[in-house]
Amino acid sequence: MKEKFYITTAIAYTSRKPHIGNTYEIVLTDAIARYKRQQGFDVFFLTGTDEHGQKIEDIAKEQGITPKAYVDTVAGEIKDIWNLMNSSYDKFIRTTDDEHVASVQKIFKKLYDQGDIYKGKYEGWYCVPCESFFTDTQIEDGVCPDCGRPVKKTSEEAYFFKMSKYQDALMKHIEENPDFIQPESRKKEMVNNFLKPGLQDLCVSRSTFKWGIPVTFDDNHVIYVWIDALSNYITALGYSPDGKGELYNKYWPADVHIIGKDILRFHTIYWPIMLMAMGEPLPKKVFGHPWLLFGTDKMSKSKGNVIYADDLVRHFGVDGVRYYVLREMPYAQDGTITYENIIARYNADLANTLGNLVNRTVAMADKYFGGTVEYKGVCEGVDAEVAEFAVKTRDAVKAKMDEFRVADALEEILSLARRSNKYIDETEPWALAKDDAKKDRLSTVLYNLLESIRFIGVLLKPFMPDTADKIIAQSGAGDSSIESLAEFAQSGSVTVGAAQMLFARVDEKKKLEEIAAENEAKAEPVKEDKKEEKKDEKTEISIEDFARVELKVGVVLESANVEGADKLLVSKIKIGDEVRQIVSGIAKYYKPEELVGKKVAVVTNLKPVKLRGVLSEGMILAASCDGKLAVVSVDEQIPDGAVIK
């Protein structure tokens with residue numbers, strides 16, 4: 001009987017189409033699930049969507065449609081992208097599924113009946129995007145401490161969960177199960193920042209909106225996100241307080257929840273305590289992966305730096321994108337994505353190292369032996385080195401993957417490809433082919449290369465499934481199971497498949513221009529000349545409206561006139577750790593050299609646009625009166641990157 005392995009992603013929130021940072025999680029989890037299947041485990045891989053909450057209700061109202069109609073559309077987009085990325089999930093759960101709704105209502109009632117949930121009143125701050133409550137001491141300058149967006153003062157009747165009742169039991173569990181929270185740095189964060197200071201009771205219902213699962217015994221309340229969304233991991237298996245179901249009995253507890261580091265608190269504190277209260281086993285491990293950043297910034301629509309998976313796939317293919325996000329994300333630190341980095345990694349690793357190895361080896365087998373290569377046993381010392389390297393790679397990949405060090409596992413496989421390319425240089429098959437007396441040596445060399453390529457193909461299957469299949473087919477491998485890598489084969493013959501290019505080298509300049517043109521076409525048109533209307537009318541805004549504008553101090557590094565535009569200057573501005581290019585209509589008032597060195601106020605969360613074909617990533621603030629204009633400058637003592645409040 002196979003050993004079970006139950007793995008889950010966090011369910012994606014249906015507020016918007018997921019960007020590549022969100023998509024990384026499904027690709028990561030899929031690679032682990034495929035690896036475990038390859039190792040012979042009985043895998044159940046769950047993903048899905050979280051579809052309730054005030055944010056959804058508000059968006060649907062703005063669009064003039066029902067919340068259900070809205071989430072149906074977004075859930076469909078999410079599922080399409082998960083499928084596009086070749087994810088092999090076993091179930092896609094939606095929190096609007098009838099079975100889930102019924103089970104969550106019973107869970108809530110059970111916790112209420114046993115005294116773990118009670119009715120009270122909440123007064124404090126609420127962040128709609130994060131769906132989180134905060135106390136006065138947690139809020140500074142009227143913004144959410146997690147996402148930096150405005151919070152609202154809230155007072156409402158609510159049901160609360162007695163978190164503190166189970167705090168000591170959770171601390172004991174974490175101490176007795178040192179691998180429960182991974183990586184180690186995440187565990188220290190949860191224990192030191194949340195558990196040791198003491199837990200507050202958790203708000204688990206809302207009465208100020210309706211888009212949620214109704215509380216069966218109180219019509220004024222809907223069940224809040226934590227019990228609703230987190231319960232998906234067991235309701236998907238058929239769990240209900242009055243009957244657990246065959247899948248639940250088989251697969252629970254989960255072997256690992258794969259989640260983003262930003263929702264670690266909910267999965268390592270709230271969720272385990274809920275399970276304790278229900279009398280159910282806790283998941284074996286929660287792995288909080290880092291973020292995939294755009295350069296040095298977290299992706300967000302407000303910053304205009306969002307990259308979507310389907311756009312990347314059109315340019316680099318599914319496996320090209322899978323490879324990049326898996327290879328570029330460190331185990332515990334944030335990874336980074338830029339178009340330049342993708343192209344560089346694609347060309348270096350996939351086109352040059354991997355693709356070139358397979359292509360030229362298969363081509364030589366066809367050219368010198370008509371496609372069928374025999375192992376002739378004419379060996380030299382370097383052959384044993386390659387064979388040993390391949391077997392060590394197999395073991396290293398297993399060791400890395402057992403710890404979820406996916407990027408490191410891929411590096412091991414690429415190292416084998418590099419060693420195989422070096423073997424070609426060492427043995428020089430083209431030189432051997434010129435001497436009939438060395439034909440058997442040539443045959444042995446090509447056989448060893450094809451065997452090494454077979455190892456690479458089999459090991460790549462969890463990460464780049466389609467590419468792996470192509471490699472295996474071209475190498476002529478008769479057995480592509482992980483068990484077949486028990487040893488480096490040195491007997492028999494191999495007939496290669498039809499040669500086909502795996503990855504064509506990308507012309508960076510041409511590709512970046514193509515992407516820029518696409519992005520410009522998608523951007524909202526910029527109106528340079530807007531008519532001033534209703535000058536005398538004043539529109540009052542709230543502090544929340546003002547807080548939406550992100551203002552920072554920047555220092556002008558260089559500035560120049562925009563060619564063909566008399567009014568525009570383009571400036572490079574250093575804002576903390578990043579440098580942005582900003583186009584401003586101030587050429588009439590400033591010469592470029594007059595701006596250099598100035599500390600200016602910059603709006604940093606404007607959507608990037610192109611003005612006269614030049615990218616602008618923000619706005620310099622300026623004051624104008626009676627035909628005069630001056631940029632807003634900042635005291636020299638204030639460092640660039642400082643937030644203007």
Side-chain angles (χ1 to χ4, degrees), residues 4-11 25 29 44 46 48 50 93 95 100 103-104 106-108 110-112 114-118 131-133 159-204 223-237 239-241 244 248-249 251-289 404:
K4 71 91 178 174
F5 188 81
Y6 180 31
I7 185 170
T8 73
T9 67
I11 50 176
E25 186 172 297
T29 309
F44 194 90
L46 175 70
D50 172 11
I93 187 173
T95 56
H100 174 79
S103 295
V104 166
K106 291 175 183 176
I107 290 169
F108 193 94
K110 171 184 171 67
L111 296 174
Y112 177 77
Q114 66 191 36
D116 286 316
I117 288 178
Y118 64 93
E131 296 193 277
S132 295
F133 292 98
Y159 286 91
F160 292 84
F161 185 92
K162 295 179 179 178
M163 300 292 290
S164 57
K165 177 179 174 181
Y166 297 93
Q167 177 172 323
D168 291 344
L170 179 57
M171 281 287 288
K172 182 180 178 183
H173 180 83
I174 292 172
E175 290 168 0
E176 293 177 350
N177 297 272
D179 292 333
F180 175 59
I181 305 173
Q182 290 291 319
E184 180 71 18
S185 58
R186 309 270 189 260
K187 177 171 71 174
K188 291 178 180 178
E189 178 188 349
M190 292 301 106
V191 171
N192 295 333
N193 294 353
F194 297 101
L195 281 171
K196 285 185 177 179
L199 296 176
Q200 301 287 327
D201 287 351
L202 180 68
C203 178
V204 290
I223 298 169
Y224 194 36
V225 61
W226 311 128
I227 290 181
D228 175 7
L230 291 167
S231 295
N232 91 90
Y233 303 123
I234 55 177
T235 64
L237 300 177
Y239 174 86
S240 177
K244 296 182 179 178
Y248 180 85
N249 291 329
Y251 289 109
W252 191 258
D255 291 271
V256 62
H257 292 318
I258 304 291
I259 61 163
K261 65 179 183 179
D262 52 330
I263 54 174
L264 199 67
R265 178 170 84 251
F266 314 127
H267 285 79
T268 60
I269 297 177
Y270 299 172
W271 177 226
I273 284 178
M274 289 176 196
L275 288 166
M276 287 178 176
M278 288 187 278
E280 300 300 333
L282 273 57
K284 295 178 183 178
K285 185 176 293 187
V286 180
F287 180 75
H289 65 75
F404 306 144

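Everything quoted here is computed from the prediction, not taken from an experiment.
Atoms OG1 and CG, on Thr95 and Asp50 in that order, are 5.0 Å from each other to the nearest 0.5 Å. A distance of 7.0 Å separates CD1 in Ile174 from CD1 in Ile269, rounded to the nearest 0.5 Å. Rounding to the nearest 0.5 angstrom, the gap separating the CD atom in Gln182 from the CZ atom in Phe404 is 8.5 Å. If you take CG on Leu199 and CZ on Arg265, they are separated by 10.0 Å, rounding to the nearest 0.5 Å. Interatomic distance, Ile259 CD1 to Ile11 CD1, rounded to the nearest 0.5 Å: 12.5 Å. One finds the CZ atom of Phe161 at 6.5 Å from the CD1 atom of Ile227 (value rounded to the nearest 0.5 Å).
Checking side-chain atoms of Lys165 against main-chain N and O of Asp116 turns up no donor-acceptor pair under 3.5 Å. Checking side-chain atoms of Lys261 against main-chain N and O of Arg186 turns up no donor-acceptor pair under 3.5 Å. Listed for the Glu25 side chain is no donor-acceptor partner under 3.5 Å among the backbone atoms of Thr9.
With sequence neighbours left out, the side chain to side chain donor-acceptor pair (under 3.5 Å) criterion links Asp201 to Tyr118. Remark: Lys285 pairs with no residue by the salt bridge (Lys or Arg N to Asp or Glu O under 4.0 Å) rule, at least two apart or across chains.
Pairing each heavy atom of Cys203 with each of Trp226, the nearest pair is O-CD1, 3.8 Å. Here the shortest heavy-atom pairing between Lys106 and Ser240 reads CD-OG, 3.3 Å. When every heavy atom of Leu230 is checked against every heavy atom of Phe266, the shortest pair comes out as CD1-O, 3.6 Å. Pro241 and Ser103 make their closest contact through CD-O, 4.2 Å (heavy atoms, listed as atom of the first residue, atom of the second, distance). Of all heavy-atom pairs spanning Tyr233 and Ala10, the tightest one is OH-CA, 3.5 Å. Here the closest heavy-atom approach between residue Tyr112 and residue Ile117 is recorded as CD1-O, 3.4 Å.
In this structure the side chain of Leu275 reaches within 4.5 angstrom of the side chain of Trp252, judged on heavy atoms. Residues His267 and Leu264 are not in side-chain contact: their nearest non-hydrogen atoms beyond the backbone lie 4.5 Å or more apart. Side-chain contact check for Phe108 versus Asp228: every heavy-atom pair is 4.5 Å or farther apart. Side-chain contact between Pro253 and Tyr6 is absent, with no heavy atoms from C-beta onward closer than 4.5 Å.
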For this session: Using the side chain to side chain contact (heavy atoms under 4.5 Å, CB included) rule, take Asn193 and Met190 through it: C-alpha gap first, then chi angles, then the decisive distance, then the call.
Result: CA-CA 6 Å; Asn193 294 353; Met190 292 301 106; over 6 Å; no
Problem set entry | side chain to side chain contact (heavy atoms under 4.5 Å, CB included) between Val191 and Lys196, intermediate numbers included | CA-CA 6 Å; Val191 171; Lys196 285 185 177 179; 3.7 Å; yes
For this session: Given side chain to side chain contact (heavy atoms under 4.5 Å, CB included), test Ile273 with Leu202 step by step and report yes or no.
Result: CA-CA 11 Å; Ile273 284 178; Leu202 180 68; over 6 Å; no
For this session: In sequence, state the C-alpha distance, the side-chain angles, and the governing distance for Thr8 and Asn232, and then conclude on side chain to side chain contact (heavy atoms under 4.5 Å, CB included).
Result: CA-CA 10 Å; Thr8 73; Asn232 91 90; over 6 Å; no
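Under the ring pair (Phe, Tyr, Trp, His ring centres under 6.0 Å) criterion, no residue pair touches residues 183-203, with sequence neighbours excluded.
Between Glu280 and Lys244, at least one side-chain nitrogen of the basic residue sits less than 4.0 Å from a carboxylate oxygen of the acidic one, meeting the salt-bridge criterion. The pair Glu184-Lys187 meets the salt-bridge criterion, since a charged nitrogen lies less than 4.0 angstrom from a carboxylate oxygen.
Ring planes of His257 and Trp271: tilted class, angle from 30 to 60°. Under the 30°/60° scheme for interplanar angles, the aromatic rings of Tyr251 and Phe44 are found to be tilted.
At most 12 non-hydrogen atoms from other residues, nucleotides or ligands lie less than 6.0 angstrom from CD of Gln200. Counted within 6.0 Å of NZ on Lys4, heavy atoms from surrounding residues, nucleotides or ligands total more than 12; the atom is thus considered enclosed.
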